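Everything numeric in this text was worked out from a predicted model, so none of it was measured. When reading the values below, keep in mind they use all heavy atoms of this one structure, side chains included, and skip hydrogens, waters and symmetry mates.
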2 protein chains.
Amino acid sequence: MTLDAPLLAPPSAPARGLARYAGLAAQWRDAITSGRWAPGSAVAAEQRLAEQHSAALGTVRQALALLAAEGLIERRHGHGTFVASAIVGAPMLRFFRFGDGAQAPNSAVPQSVVLQRRVVKASAAVARALSLSQPQDVLRLDRLRLLAGAPRLLERIWLRLPECAALLQHPSADWGDLLYPALARLCGVHVHRAQDDIQFAELSKPDASHLGLPAGHPCALVQRRAFDLSGQAVELRHTRGDARAFRYTVEIR
Amino acid sequence: MTLDAPLLAPPSAPARGLARYAGLAAQWRDAITSGRWAPGSAVAAEQRLAEQHSAALGTVRQALALLAAEGLIERRHGHGTFVASAIVGAPMLRFFRFGDGAQAPNSAVPQSVVLQRRVVKASAAVARALSLSQPQDVLRLDRLRLLAGAPRLLERIWLRLPECAALLQHPSADWGDLLYPALARLCGVHVHRAQDDIQFAELSKPDASHLGLPAGHPCALVQRRAFDLSGQAVELRHTRGDARAFRYTVEIR
DNA sequence: AAGTGGTCTAGACCACATC
DNA sequence: ATGTGGTCTAGACCACTTG
């Protein structure tokens with residue numbers, strides 16, 4: 001038996017090696033990373049998206065599932081679909097276990113003290129980490145993190161300018177103990193992804209004195225690059241803490 | 001408008017808070033972890049599974065997608081669906097970067113030399129790690145891993161008995177440089193998941209001499225627990241290497 | 001050519017959250 | 001009560017892999 005006409009109409013735009021759902025996802029991914037869809041805002045209902053794009057519900061759902069897996073949207077049953085907000089942070093403390101009473105992994109947010117805040121010329125290494133094409137100014141912070149009053153982590157932070165310039169116009173006491181929520185609130189910079197590189201080192205004399213440890217004491221050094229929704233690197237951070245307190249668990253497969 | 005009869009028949013087994021696809025996945029998950037479906041073997045085609053269980057193709061696919069995400073099956077377009085085999089290993093070397101010529105992350109499999117192989121009574125810590133209810137015998141291995149002839153990692157390994165007893169009946173030279181493939185081939189134990197716990201420590205005098213380092217030298221200590229398909233812990237491994245060569249990258253979100 | 005997984009449709013019904 | 005995402009069906013067609 002042959003058919004004179006296909007039972008189903010072919011897709012209006014003939015897929016160029018790209019599945020329909022992948023195309024929709026790409027389109028919406030761009031809307032998010034470009035900021036046209038604001039972080040935290042609601043996305044149109046599946047049904048409505050399906051009508052708008054003349055696609056079946058299942059196809060729309062497949063596209064949304066892809067974006068959800070990428071962490072760009074969050075779906076809430078019976079409520080709606082929302083553009084991802086900035087991560088509150090990937091606590092540096094998860095790399096350490098300081099035996100402060102509780103033996104459970106520390107859940108408290110460490111107190112933050114900003115030691116220094118100034119604009120400096122980016123070194124070659126910093127420029128590379130922040131994808132700066134030319135030598136350019138960056139915002140440099142030194143920050144001490146304390147747990148139960150005891151200094152535990154020393155952070156050296158470089159932030160992209162002019163994106164993060166608004167931090168300069170507020171006293172650091174107003175930032176709160178977490179940097180990323182402050183970046184989102186004050187600068188409109190939403191940190192969405194980060195990459196931590198861990199190695200072992202020894203404390204310089206000045207670094208050691210901040211942490212109340214002897215010079216040359218072994219430390220863990222965590223080098224982080226943080227990226228905004230568009231994938232642009234916005235922060236480089238070097239965090240140092242006592243090597244004896246370092247503890248990290250990796251799940252394989 | 002009311003309907004005298006539902007357009008679609010209700011599921012034969014009324015879901016007890018469990019989605020149909022989740023039930024199918026649970027059933028097949030059990031078949032895999034119990035060994036009824038052998039690692040590497042082919043699973044029946046989607047169409048056939050759908051007929052067998054009187055379910056729609058989409059539902060079967062949803063169940064299989066779940067198992068694929070868990071790493072229990074592997075799907076190959078145009079070929080078939082296969083039960084996952086044992087992982088070849090989560091190379092310990094991924095935690096280290098030894099500057100042997102190439103600066104790229106070492107991809108070569110390090111040579112293995114078994115220093116010691118014997119049956120010992122499990123200590124309390126080992127018994128806990130391997131979920132042994134009573135004090136029981138375990139297979140203890142000491143192994144040195146070499147890169148370009150240079151000793152780089154020292155491993156202390158405890159294996160569950162009697163599961164891994166077959167290793168005792170073959171000369172260690174026949175095992176090859178990777179333990180997990182040997183466990184699968186000789187013992188029928190398929191390592192499917194592992195958990196690595198990282199910390200910094202100092203080398204004891206005997207350990208240091210094996211690695212050609214001075215006693216007290218800082219080292220990275222990776223404590224691994226490896227699990228078979230059923231989730232049973234089968235291996236505990238302590239790996240030590242020069243802390244200065246330690247380097248690890250974590251992706252957040 | 002035959003068999004497999006991957007995409008897409010069109011629709012019904014269910015479960016959850018909010019007003 | 002209404003609207004949202006989640007489940008399920010039944011079927012057609014596409015793309016890939018192998019004999």
Starting from [atom2] on [N], measure out to [atom1] on [X] and report it in whole angstrom.
X: B:His77; N: C:dT4; atom1: NE2; atom2: P; answer: 13 Å
X: B:Arg48; N: C:dT4; atom1: CZ; atom2: C1'; answer: 14 Å
X: A:Ile73; N: D:dT4; atom1: CD1; atom2: C1'; answer: 14 Å
X: A:His53; N: C:dC8; atom1: NE2; atom2: C1'; answer: 16 Å
X: A:Leu64; N: D:dT4; atom1: CG; atom2: P; answer: 13 Å
X: B:Glu51; N: C:dG3; atom1: CD; atom2: C1'; answer: 13 Å
X: B:Arg61; N: D:dG6; atom1: CZ; atom2: C1'; answer: 18 Å
X: A:Glu46; N: C:dG11; atom1: CD; atom2: C1'; answer: 14 Å

Requested in this report: Quick one: list whatever passes salt bridge (Lys or Arg N to Asp or Glu O under 4.0 Å) with B:Glu163, sequence neighbours left out.
Outcome: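 If we apply the salt bridge (Lys or Arg N to Asp or Glu O under 4.0 Å) test to B:Glu163, skipping adjacent residues, the hits are B:Arg160.
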Between [X] and [N], is there a side-chain N or O to OP1/OP2 distance below 4.0 Å?
X: B:Gln47; N: C:dG5; value: no
X: A:Arg20; N: C:dT9; value: yes
X: A:Thr81; N: D:dG5; value: yes
X: B:Arg76; N: D:dT17; value: no
X: B:Arg75; N: C:dG6; value: yes

Report task. Could you grab the distance from atom CD of B:Glu235 to atom CG of B:Leu130, nearest 0.5 Å is fine? Result ->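 Going from CD on B:Glu235 over to CG on B:Leu130, the span is 9.0 Å.
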Query raised in the report: Which is true for B:His79 with a 4.0 Å heavy-atom rule: it touches a base, it touches only sugar-phosphate, or it touches nothing?
Result: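 Sugar-phosphate contact only.
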Query raised in the report: Would you say B:Arg76 has more than 12 foreign heavy atoms packed within less than 6.0 Å of its CZ?
Result: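 Yes.
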Requested in this report: Map B:Gln62 and B:Leu57 onto DNA chain D by nearest heavy atom, then report which one ends up closer to the 5' terminus.
Outcome: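 Closer to the 5' end of DNA chain D: B:Gln62.
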Requested in this report: Please work out which of the three classes, parallel, tilted or perpendicular, describes the rings of B:Phe246 and B:Tyr248, given edges at 30° and 60°.
Outcome: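 Correct class here is tilted.
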**Report entry** Partner set under side-chain hydrogen bond (donor to acceptor under 3.5 Å, both in side chains) for B:His238, not counting sequence neighbours
**Finding:**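 side-chain hydrogen bond (donor to acceptor under 3.5 Å, both in side chains) list for B:His238, sorted by chain: B:Gln223.
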**Report entry** Closest-nucleotide 5' rank along DNA chain C - winner of A:Gly58 and B:Ala45
**Finding:**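 Comparing both residues, the 5'-ward one is B:Ala45.
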**Report entry** Nearest-nucleotide 5' precedence on DNA chain C, A:Ala55 against A:Gly78
**Finding:**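 Per heavy-atom nearest nucleotide, the more 5' residue is A:Ala55.
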